[in-house]
Amino acid sequence: MNNTNVTAFKDLQFAPLAEGSPVEVAMLWGDPETGPAAVMVRFPEGYQEPWHSQSATYHSVLIKGDFQTSSKDADGITVSDVYGPGSYAVQPGGAVHAEINAGSGELVALVYFDGPVDFALDE
């Protein structure tokens with residue numbers, strides 16, 4: 001018995017991350033309420049996230065576009081280089097950060113959360 005399930009990118013069901021958000025996500029597998037879960041995420045051209053954190057650690061692989069990430073801690077702000085497709089990033093749960101679509105066109109990434117898929121603004 002073959003249990004293979006394949007969905008073309010064009011057939012993924014993207015929806016806004018939150019009401020009014022320009023960031024879109026498509027659930028791939030798992031339970032976003034409890035985790036683990038994986039999503040495909042799209043950032044529009046020029047988008048810069050606000051400072052935020054997630055409760056779960058996430059692992060991401062950039063599929064399309066260029067990104068840059070910034071982290072904020074007691075020692076200040078650290079800004080990464082700009083990375084292209086195929087780049088892999090890990091963001092520890094609770095770490096305050098902000099990603100930027102640093103290229104032209106949309107940014108697309110596969111993101112795996114080891115716990116709930118949540119988003120808390122850093123005030």
Side-chain angles (χ1 to χ4, degrees):
M1 177 182 225
N2 185 344
N3 293 326
T4 302
N5 182 4
V6 178
T7 303
F9 181 79
K10 68 179 181 59
D11 295 330
L12 292 175
Q13 301 296 308
F14 282 91
L17 176 64
E19 188 175 328
S21 175
V23 176
E24 296 180 323
V25 295
M27 278 301 304
L28 299 177
W29 68 82
D31 183 342
E33 298 294 321
T34 62
V39 300
M40 194 73 76
V41 64
R42 292 194 302 204
F43 285 14
E45 183 173 351
Y47 183 72
Q48 180 172 346
E49 289 180 312
W51 290 106
H52 69 282
S53 63
Q54 284 90 12
S55 57
T57 294
Y58 74 75
H59 301 257
S60 65
V61 177
L62 185 63
I63 306 296
K64 178 182 178 185
D66 296 300
F67 86 103
Q68 185 174 43
T69 187
S70 301
S71 59
K72 181 166 54 168
D73 59 24
D75 295 328
I77 295 174
T78 303
V79 180
S80 77
D81 292 333
V82 174
Y83 295 95
S87 299
Y88 170 70
V90 177
Q91 190 65 251
V96 177
H97 62 282
E99 275 85 31
I100 299 168
N101 180 346
S104 59
E106 72 179 358
L107 176 151
V108 177
L110 167 70
V111 185
Y112 169 79
F113 292 85
D114 68 3
V117 179
D118 58 17
F119 184 95
L121 289 174
D122 182 58
E123 297 182 30

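Position 1 is the first residue of the sequence, and the numbers go up from there.
Applying the ring pair (Phe, Tyr, Trp, His ring centres under 6.0 Å) test to every pair with at least one member in residues 21-40, sequence neighbours left out, gives no pairs at all. Evaluation of the salt bridge (Lys or Arg N to Asp or Glu O under 4.0 Å) test over residues 17-35, restricted to residues two or more places apart or in two chains, returns E24-R42.
The closest side-chain donor-acceptor pair between E99 and T69 falls under 3.5 angstrom.
I63 and V39 fall into different hydrophobic clusters, where Ile, Leu, Val, Met, Phe, Trp and Tyr side chains are chained together by heavy-atom contacts under 4.5 Å. Clustering ILVMFWY residues whenever any of their side-chain heavy atoms sit less than 4.5 angstrom apart, transitively, puts L110 in a cluster other than the one holding F67. Linking ILVMFWY side-chain heavy atoms closer than 4.5 Å, directly or via other members, places F9 and Y112 in a single hydrophobic cluster. Taken together through direct or relayed side-chain contacts under 4.5 Å among Ile, Leu, Val, Met, Phe, Trp and Tyr, V23 and L107 form part of one hydrophobic cluster.
For N101 (side chain) and P44 (main-chain N/O), a donor-acceptor pair under 3.5 Å exists by modelled atom type. For the pair D114 (side chain) and P36 (backbone), a donor-acceptor distance under 3.5 Å is absent. H52 contributes a side-chain N or O that, together with a main-chain N or O of H97, makes up a donor-acceptor pair within less than 3.5 Å.
In terms of the side-chain hydrogen bond (donor to acceptor under 3.5 Å, both in side chains) criterion, residue partners of S55 (sequence neighbours excluded) are, by chain and number, D118.
When all heavy atoms are compared, the tightest approach of P85 to G65 is CD-O, 3.2 Å.
Relative ring orientation between Y58 and F113 is described as tilted, the plane-to-plane angle lying within the 30° to 60° band.
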